[in-house]
Participant: 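Got a structure for you, written out below as structure tokens; questions coming shortly.
All values reported here derive from a predicted model rather than from experimental measurement.
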Amino acid sequence: MATAARSLLPIRHFSVPLPGTATFSTLHTAAAAAAAAAAGEAGQQAPLWSGNGSRGAGGSAACKRVAVGISGGVDSAVAALLLQRQGHEVVGVFMRNWDEGEEQGNENCSVEQDLRAAAAVCRQLDIPLHEADFVSAYWTQVFAEFIAQCSRGLTPNPDLACNRHIKFGALLAFAERLGAHTVATGHYAQLAPGSGSGEVQLLRGADRGKDQTYFLASVQQAALRRVLFPIGHLQKPEVRRLAAEAGLAPADRRSSAGICFIGRRDFGDFLSQYISPQPGRYVDVDSGTVLGPCPDVAAVTHGQRPGIGGAPERVYAVGKDVVQGIVYVAHGGQHPALLCTAALLRTPHWLSWEHAARLAARGWLRCEYRARYGQQPKPCTLHALDTQAAAELASRAAEAADATAALPAELAAGPAAADASCAAGAAAAPDAAGAAEAAGEAAARLGFQASAYCRLRPEDSVALPSYLVVQFDSPATAITPQQAFVLYDQERCLGTALIAQPGRSLHETAANKAAGAEAVAAGGNGL
């Protein structure tokens, strides 16, 4: 019997232009939500596909109705399959987060192809499929901020914001309208009960090569309490085997790559559709020589090979001065200009209140980190700039771990603006100028000195009392402003903080020591 559920009614188009860029056609989800609510009172619309067997074999009244985010890929397909086999009543939801209508050059990230693949999966599993249009929400909560940060020369990762605000924000609200209190996805991650009355521990996926906790580290505790990760205990080959045995269409489908709305395209080409290029120049850190023009400083990130021709050895970007339009480069992937021993982190988002409380009580915390996806956790020490600010964050984390706490507004009513813990360049209030200065002094006392190869705009350079200094056990490579710095205690993901600035590089430290030695020698010689 087909599952009764509410689907979004047809909704109007409107345009959201970015200054100086092409107009982007998107969809008004607020109007859709009102229309969907009206549909719930006047009679429910049929889903895109209505299955006849949404309750799996062995199902019982105790089983949940679960909304599964169906992407058209093998991971979400097997997630739905496993839940169905466990007896849950499964409904599929395809999230349309991106409108390809007016963009150019994206042949690898087709929403329509994904929708057809998702529909095929749901037909095979005989479950209903609903399409949730989050294009406007994605633009407002994820993409607009991504573009704004890129225009300031930062390197944000929109996938974390998408998970926080769309997949585990807007989708939860949409699932409620389908009568499903629980949402499941095909992420490689695991969950376990925590020490709080409602705390959930986010654990690494069993497949270390596919573990996706890095991208889930900014999701709210209230959301994790309503989430299932059915394939988190499996290896990727096992997932493909299960799909093949069940005859699911996407068993051999190619995995997605890169940022979802960029796919496999050149990042600079994509970025130029939305913001004007910011030309600059490449400067060699060893010789100070200008190696040539840089077509777009905003499109270059730390650790990247910018493709400067004629060099006898591979050249890597080691930092940027976004004010002067300089990309600093060095020869060789192990150049000391790529390495640093400390960094400044923005306000953390904690998933573990115990670890947050430990940091506040002692002023420091031993843990592990990943500064980019694909990196295995490495040891480090966190230092709080201000223990009172750290204690306030620990208190908030403890409140979030309480199951009796009210559902955050961003989950109850759909995505909202990112909170201060995940926002770049959070402006201090006028009366907080002194606190910001004190925070900068505290960072210096903890051994943090900003790299001269990384100069940000003034609004992105302010240190706040809630920031952290991290010291690495071994030098870290290509620490990049605005990338997610995800924290771990063995298997457990503790939360995340965005990188504010890398510390002074080993190359700078060595140069300063050499200059100091020369000055001493010159003084000894009476020069």
Participant: Who are the salt bridge (Lys or Arg N to Asp or Glu O under 4.0 Å) partners of E491, not counting sequence neighbours?
Facilitator: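 Salt bridge (Lys or Arg N to Asp or Glu O under 4.0 Å) list for E491, sorted by chain: R208.
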Participant: Just how far is it from atom CG of L468 to atom CG of L344, taken to the nearest 0.5 Å?
Facilitator: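 So the CG of L468 and the CG of L344 are separated by 8.0 Å.
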Participant: Using a distance-only test with no angle check, is there a side-chain donor-acceptor pair under 3.5 angstrom linking H331 and D286?
Facilitator: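 No donor-acceptor contact under 3.5 Å links the two side chains.
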Participant: If only side-chain N and O atoms count, and only distance matters, is there a donor-acceptor pair under 3.5 Å linking S76 with S71?
Facilitator: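 S71 vs S76: donor-acceptor pair found between side chains.
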Participant: Should the pair H507 and H335 be assigned to parallel (<30°), tilted (30 to 60°) or perpendicular (>60°) ring geometry?
Facilitator: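 Ring orientation of H507 relative to H335: tilted.
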Participant: In Å and rounded to the nearest 0.5 Å, what is the CG to OH distance from D211 to Y488?
Facilitator: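 So the CG of D211 and the OH of Y488 are separated by 5.0 Å.
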Participant: So among L291, V315, V290, which one has a side-chain contact (heavy atoms from CB on, under 4.5 Å) with D284?
Facilitator: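 Between D284 and the candidates, side-chain contact (heavy atoms from CB on, under 4.5 Å) is satisfied uniquely by L291.
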Participant: Tell me whether the rings of F215 and Y373 are parallel (<30°), tilted (30 to 60°) or perpendicular (>60°).
Facilitator: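 Because their plane-to-plane angle lies in the 30° to 60° range, the rings of F215 and Y373 count as tilted.
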Participant: With a 4.0 Å cut-off on N to O distance, would you call D75 and K210 a salt bridge?
Facilitator: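 Salt bridge: no.
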Participant: List the steps and the verdict of side chain to side chain contact (heavy atoms under 4.5 Å, CB included) for V142 and I166.
Facilitator: CA-CA 9 Å; V142 180; I166 306 301; 4.1 Å; yes
Participant: Hey, what do you get for CG (D489) to CZ (R358), rounding to the nearest 0.5 Å?
Facilitator: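 Those atoms lie 6.5 Å apart.
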Participant: Under 3.5 Å, side chain of T496 to main-chain N/O of F485, donor-acceptor pair present?
Facilitator: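 Yes.
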Participant: Going through the checks in order, is the side chain to side chain donor-acceptor pair (under 3.5 Å) test met by Y467 and R346?
Facilitator: CA-CA 5 Å; Y467 283 15; R346 300 189 187 279; 3.0 Å; yes
Participant: Anything under 3.5 Å between a donor and an acceptor, one on a side chain of residues 379-391, the other on a protein residue two or more places apart or in another chain? List them.
Facilitator:
| from | atom 1 | to | atom 2 | distance (Å) |
| --- | --- | --- | --- | --- |
| T381 | OG1 | R366 | NH1 | 2.8 |
| H383 | NE2 | Q471 | OE1 | 3.2 |
| D386 | OD1 | Q388 | N | 2.8 |
| D386 | OD1 | A389 | N | 3.0 |

Participant: Rounded to the nearest 0.5 Å, how far apart are CG of L345 and OG of S466?
Facilitator: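 Between atom CG of L345 and atom OG of S466 there are 11.0 Å.
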Participant: Ignoring hydrogens and geometry, is there a side-chain-to-backbone donor-acceptor pair from R370 to Q375 under 3.5 Å?
Facilitator: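 Side chain of R370 to backbone of Q375: a pair is present.
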Participant: Hey, could you give me the CG/CG distance between L359 and L393, rounded to the nearest 0.5 Å?
Facilitator: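 Answer rounded to 0.5 Å: 9.0 Å.
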Participant: Can you measure from CD (Q482) to SG (C150) and round to the nearest 0.5 angstrom?
Facilitator: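 With rounding to 0.5 Å, CD (Q482) is 9.5 Å from SG (C150).
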Participant: Given 3.5 Å as the limit, does a donor-acceptor pair link the side chain of H349 with the main chain of V219, or not?
Facilitator: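 The answer is yes, because a donor-acceptor pair under 3.5 Å joins these two groups.
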Participant: Closer than 4.0 angstrom, basic N to acidic O: yes or no for E368 and R204?
Facilitator: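 The answer is no: the pair does not qualify as a salt bridge.
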Participant: Yes or no on side chain to side chain contact (heavy atoms under 4.5 Å, CB included) for V285 and V318, after CA distance, side-chain angles and deciding distance?
Facilitator: CA-CA 9 Å; V285 296; V318 301; 3.8 Å; yes
Participant: Please determine whether ring-ring contact (aromatic ring centres under 6.0 Å, His included) holds for the pair H165 and F134, giving the CA-CA distance in whole Å, both sets of side-chain angles, and the decisive distance to 0.1 Å.
Facilitator: CA-CA 10 Å; H165 297 293; F134 299 141; over 10 Å; no
Participant: For the pair R372 (side chain) and A478 (backbone), establish whether a donor and an acceptor sit closer than 3.5 Å, ignoring hydrogens and angles.
Facilitator: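 Yes.
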Participant: Just wondering, more than 12 heavy atoms not from Q376 lying within 6.0 Å of its CD?
Facilitator: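 Result for CD/Q376: enclosed.
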Participant: Q220 and F168: side chain to side chain contact (heavy atoms under 4.5 Å, CB included), yes or no, with the steps?
Facilitator: CA-CA 8 Å; Q220 296 272 28; F168 301 104; over 6 Å; no
Participant: Judged by atom type as modelled, is there a donor-acceptor pair below 3.5 Å linking the side chain of K320 to the main-chain atoms of V300?
Facilitator: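 Here the side-chain-to-backbone pair exists.
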Participant: Can a donor-acceptor pair be found, under 3.5 Å and without considering hydrogens, that links the side chain of R164 to the backbone of S218?
Facilitator: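 Here the side-chain-to-backbone pair exists.
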Participant: Are Y328 and Y282 close enough that their ring centres sit under 6.0 Å apart?
Facilitator: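 Centroid separation for Y328 and Y282: 6.0 Å or greater.
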Participant: Under the side-chain hydrogen bond (donor to acceptor under 3.5 Å, both in side chains) rule, collect the residues that match up with S151, sequence neighbours excluded.
Facilitator: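 By the side-chain hydrogen bond (donor to acceptor under 3.5 Å, both in side chains) rule, S151 matches no residue at all.
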Participant: Got a sec, which residues hit salt bridge (Lys or Arg N to Asp or Glu O under 4.0 Å) with R455, two or more places apart in sequence or on another chain?
Facilitator: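 By the salt bridge (Lys or Arg N to Asp or Glu O under 4.0 Å) rule, R455 matches D321.
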Participant: With sequence neighbours excluded, what pairs up with L456 under the side-chain contact (heavy atoms from CB on, under 4.5 Å) test?
Facilitator: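 Residues passing side-chain contact (heavy atoms from CB on, under 4.5 Å) with L456: L154, C454, D460, S461, P481, Q501.
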Participant: Run the side chain to side chain contact (heavy atoms under 4.5 Å, CB included) test on Y214 and N157 for me, step by step, so that the C-alpha distance in whole Å, both residues' side-chain angles and the decisive distance to 0.1 Å come before the verdict.
Facilitator: CA-CA 11 Å; Y214 180 88; N157 189 323; 4.1 Å; yes
Participant: Apply side-chain contact (heavy atoms from CB on, under 4.5 Å) to E508 and list each qualifying residue two or more places apart in sequence or on a separate chain.
Facilitator: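 E508: side-chain contact (heavy atoms from CB on, under 4.5 Å) contacts with S451, A452, Y453, R504, S505.
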Participant: Do any N or O atoms from the side chain of Q221 and from the backbone of L351 form a donor-acceptor pair under 3.5 angstrom?
Facilitator: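 Side chain of Q221 to backbone of L351, a donor-acceptor pair under 3.5 Å: yes, one is there.
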Participant: Any luck finding a side-chain donor-acceptor pair between Q141 and E145 under 3.5 Å?
Facilitator: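 Note: Q141 and E145 side chains miss the donor-acceptor criterion.
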Participant: Go through the steps for Y188 and T213 under the test side chain to side chain donor-acceptor pair (under 3.5 Å), then give the verdict.
Facilitator: CA-CA 7 Å; Y188 287 86; T213 51; over 6 Å; no
